[in-house]
Amino acid sequence: TNKMVKDTVRILLRNSSAPYNIIDSSRSILDSLGKGLFPLGYISTGLSFYIVVNHRNSIETWSCFSTHFTSNTLNYDFTQDAFSAFGSYQILADSTPVKFAIYSGDVNRDGFIDLTDITNVYNNSNSFVTGYVNSDVNGDNVTDLTDLVITYNNSVKFVKVLKP
């Protein structure tokens, strides 16, 4: 259907130079097209920052370059190509139309998809855990073999947070 599961995402605006301090943050629900409105406080025009996306069970993803507001609105699309993310670190989620996505499976939010995440998903799938839980990496409200396969596949790719 070329639609995604609606879900909550937090964005951080981080300074464009080390130590990349947080300038502002906002949380919103992405719609089925992956779009969301993130109200922010006062952001000075001309101030450069990275956009960082945080999701409950996905790898923290940084924008590919620092950007700045030129008006009260900023549009940024992480789905258009892999190059939208720092290090081109996204996965092709759909080929028609072409859509890229952030990696899922970091259920403990430590910045790595690894054996700890696999174990968590495995244990929850054996217990038939349902609902809005971190181990449900595909968003269907059931932790099952599909979630385990996604987490495992991303762990063997050594998926981790990439940032400047």
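As the structure is a prediction and not an experimental result, all values here were calculated from the model.
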Short side-chain to backbone donor-acceptor contact, Asn57 and Asp136, under 3.5 Å: yes
Joint cluster assignment, Tyr20 & Phe65, ILVMFWY side-chain distance < 4.5 Å: no
Common cluster, Tyr76/Leu13, ILVMFWY with side-chain heavy-atom separation under 4.5 Å: yes
Leu92 side chain reached by Val98 side chain, heavy atoms, under 4.5 Å: yes
Tyr152 vs Asn154 side-chain heavy atoms within contact, under 4.5 Å: no
Any pair counted as ring-ring contact (aromatic ring centres under 6.0 Å, His included), so long as it reaches residues 82-131, sequence neighbours left out: Tyr89-Tyr103
Hydrophobic cluster membership, Ile22 vs Ile51, 4.5 Å side-chain cutoff: no
Separation of Lys6 NZ from Leu33 CG (nearest 0.5 Å): 9.5 Å
Polar side chain donor-acceptor pair, Ser16 to Ser48, under 3.5 angstrom: no
Interatomic distance, Ile59 atom CD1 to Asn54 atom CG [nearest 0.5 angstrom]: 10.0 Å
Cation-pi check, Arg10 onto Phe38 ring (under 6.0 Å, within 45° of axis): no
Flag, side chain of Asp81 to backbone of Ser84, donor-acceptor distance under 3.5 Å: yes
Ile150 to Ser104 - nearest heavy-atom pair and separation: CG2-OG, 3.5 Å
Side-chain heavy-atom pair His55, Asp7 within 4.5 angstrom cut-off: yes
Side chain proximity check, Val52 to Glu60, heavy atoms < 4.5 angstrom: yes
Under 3.5 Å side-chain donor-acceptor pair for Asn124 and Thr143: no
Exercise answer: donor-acceptor pairs, residues 156-164 side-chain atoms, under 3.5 Å, sequence neighbours excluded:
none

Asp117 side-chain N/O to Val107 backbone N/O, donor-acceptor pair under 3.5 Å: yes
Polar side-chain atom of Arg109 near backbone of Ser58 as donor-acceptor pair, under 3.5 Å: yes
Side chain proximity check, Ile102 to Gln90, heavy atoms < 4.5 angstrom: yes
CH2 on Trp62 to CG on Leu12, rounded to 0.5 Å: 8.5 Å
Spacing of OH belonging to Tyr50 relative to CD1 belonging to Ile23, to within rounding of 0.5 Å: 11.5 Å
Fellow cluster residues of Val129, listed by chain then number, with links counted only when side-chain atoms sit under 4.5 Å apart: Val133
Atom pair OG (Ser155) and CG (Leu148), whose distance is rounded to the nearest 0.5 Å: 9.0 Å
Same apolar cluster: Leu47 and Leu40, side chain cutoff 4.5 Å: yes
Note, Ser63 side chain near Phe78 side chain (heavy atom, < 4.5 Å): yes
Point-to-point distance, once rounded to the nearest 0.5 Å, from CG of Asn108 to CD1 of Ile113: 10.0 Å
Note, Asp147 side chain near Val121 side chain (heavy atom, < 4.5 Å): yes
